[in-house]
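Working notes, structure below.
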Amino acid sequence: QVQLVESGGGLVQAGGSLRLSCAASGRTFSTYNMGWIRQAPGKERQFVAVISWSGGYTYSADSVKGRFTISRDNAKNTVYLQMNSLKPEDTAVYYCAAYRGRMSAYIYSDPSGYEYWGQGTQVTVSS
């Protein structure tokens, strides 16, 4: 089992940056693919980015490509989301989530495919 705790959210002006962290418990963290998913008020959960268990493969949604970067440090059991050039439409609760298995767009882009979830951290971008 993996327990996930996000941190780093907050209020930032448009154009600013934030770095989210997700600390994982358990000795099996390095075997999980890790994703960031967000949910804005009144909307469904939306895939943001994913990184493979080894860190060798990453993919970001078109809406954040070139602005957000996902990374991980398996020695620290932590995954990160560096968010630059933030926009008001990035406002959401950001969750980190974990799953084992293939790095397939069919799987990682669907929030229902993730096995473990954190509690979420609020990101608010003001205009």
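Nothing here was measured: the structure is a model prediction, and the numbers come from that model.
By the 4.5 Å heavy-atom criterion applied to side chains, Phe29 and Asn74 are counted as neighbours. A 4.5 Å side-chain heavy-atom check between Leu4 and Val2 finds at least one atom pair inside the cut-off. Proximity of Gln46 to Ile37: side-chain heavy atoms (C-beta onward) are nowhere separated by under 4.5 Å. Two residues are said to be in side-chain contact when any heavy atoms from C-beta on lie closer than 4.5 Å; Ser17 and Met83 fail this criterion. Side-chain contact between Thr91 and Val123 is absent, with no heavy-atom pair separated by less than 4.5 Å.
Tracing side-chain contacts under 4.5 Å through hydrophobic residues (I, L, V, M, F, W, Y), one never reaches Phe68 starting from Val50; they form parts of separate clusters. In the hydrophobic clustering of this structure, Tyr116 groups with Ile51; members are Ile, Leu, Val, Met, Phe, Trp, Tyr whose side-chain heavy atoms approach within less than 4.5 Å, directly or through other members. Hydrophobic clustering (side-chain heavy atoms under 4.5 Å, transitive across Ile, Leu, Val, Met, Phe, Trp, Tyr) groups Leu81 together with Val12. Hydrophobic clustering of Ile, Leu, Val, Met, Phe, Trp and Tyr side chains at less than 4.5 Å, counting indirect connections, unites Val48 with Leu20.
For the pair Arg19 and Tyr80, the cation sits on the ring face: its NZ or CZ lies under 6.0 Å from the ring centre, inside 45° of the axis. By the 6.0 Å and 45° rule, Arg72 does not stack over the aromatic ring of Trp53. No cation-pi contact links Arg38 to Tyr95, judged by a cut-off of 6.0 Å to the six-membered ring centre and 45° from its axis.
The main-chain N or O of Val64 is never found under 3.5 Å from a side-chain atom of Ser60 such that the two would form a donor-acceptor pair. Of the possible donor and acceptor atoms, none in the side chain of Asn33 sits under 3.5 Å from a partner among the backbone N and O of Ala98. A donor-acceptor distance shorter than 3.5 angstrom exists from the side chain of Glu6 to the backbone of Cys96, with no hydrogens or angles considered. Distance alone, capped at 3.5 Å, places no donor-acceptor pair between the Thr121 side chain and the Ser7 backbone. Without hydrogens or angle criteria, Ser25 side chain to Gln3 main chain gives a donor-acceptor distance under 3.5 Å. Thr124 contributes no side-chain N or O that, together with a main-chain N or O of Leu11, makes up a donor-acceptor pair within less than 3.5 Å. Tyr114 places a side-chain N or O within 3.5 Å of a backbone atom of Tyr108 that can act as its donor or acceptor partner.
Between the CE atom in Met103 and the OG atom in Ser54 there is a gap of 8.5 Å [rounded to 0.5 Å]. Here Thr69 contributes atom OG1 and Asn84 contributes atom CG; the two are 6.5 Å apart, rounded to the nearest 0.5 Å. Going from atom CG of Asn77 over to atom OG of Ser30 covers 7.5 Å, rounded to the nearest 0.5 Å. From Ser71, atom OG reaches atom CE of Met34 across 11.5 Å, with rounding to the nearest 0.5 Å. The distance from atom CD of Glu115 to atom CH2 of Trp117, rounded to the nearest 0.5 Å, is 12.5 Å. Once rounded to the nearest 0.5 Å, the distance linking CZ of Phe47 with CG of Asp62 reads 10.0 Å.
Aromatic ring centres of Tyr99 and Tyr32: separated by at least 6.0 Å.
Ionic pairing of Asp90 and Lys87 is not present here: no N-O contact between side-chain nitrogen and carboxylate oxygen is shorter than 4.0 angstrom.
Around the NZ atom of Lys76, the shell of radius 6.0 Å holds no more than 12 heavy atoms that belong to other residues, nucleotides or ligands. Applying the 6.0 Å contact sphere to CZ of Arg100 captures more than 12 heavy atoms from other residues, nucleotides or ligands.
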- Give the intermediate values and the outcome of side-chain contact (heavy atoms from CB on, under 4.5 Å) for residues Cys22 and Trp36. CA-CA 9 Å; Cys22 174; Trp36 287 96; 3.8 Å; yes
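Between Ser52 and Gly56, the shortest heavy-atom contact is OG-N, 3.2 Å.
Between the side chains of Thr78 and Asp73, not a single donor N or O lies within less than 3.5 Å of an accepting N or O.
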